[in-house]
Amino acid sequence: YDVPKNYWAFKEISALTKRGILSGNSEKLFSPDETISVIDGYVIIIRMLGLEPVAVHRGGYPSGYITVASTSGHRNKYRDDFGDNVHTFI
């Protein structure tokens, strides 16, 4: 993994990785200073809620996670800074 032991969130990232909440990308890189996508935020929260089996059953990444996020009651809406596009997040 690419998170140095002296990184401010090393303990948290390690703990969430051990619990299966975080997994990094396909190369096992976390890129901890990068912004995550909305769908990756869905994945993290759905895993924390224990709903990942439901998301996998409903189509996996990304469609199953989007479905679970939209039907779980943990969804809010916001407008972006560039117009009237409505985005959803848990």
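Position 1 is the first residue of the sequence; numbering continues from there.
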Checklist entry - Hey, quick one: are Phe10 and Leu29 part of the same hydrophobic cluster, counting side-chain heavy atoms closer than 4.5 Å, chains of contacts allowed? => result no
Could you pull out the closest heavy-atom pair between [X] and [Y], with the gap in Å?
X: Ile66; Y: Ile39; answer: CG1-CD1, 3.6 Å
X: Ala69; Y: Ile46; answer: N-CD1, 4.1 Å
X: Val3; Y: Pro32; answer: CG2-CG, 4.1 Å

Going by heavy atoms in the side chains, are [X] and [Y] under 4.5 Å from each other?
X: Val43; Y: Pro62; answer: no
X: Asp40; Y: Tyr61; answer: yes
X: Tyr65; Y: Arg58; answer: no
X: Leu16; Y: Ile44; answer: no

[atom1]/[X] to [atom2]/[Y] distance, rounded to the nearest 0.5 angstrom?
X: Ile13; Y: Ile21; atom1: CD1; atom2: CD1; value: 13.5 Å
X: Leu51; Y: Thr71; atom1: CG; atom2: OG1; value: 8.5 Å
X: Leu22; Y: Glu12; atom1: CG; atom2: CD; value: 10.5 Å

Return yes if a side-chain donor-acceptor contact under 3.5 Å exists between Asp33 and Tyr7, otherwise no.
-> yes
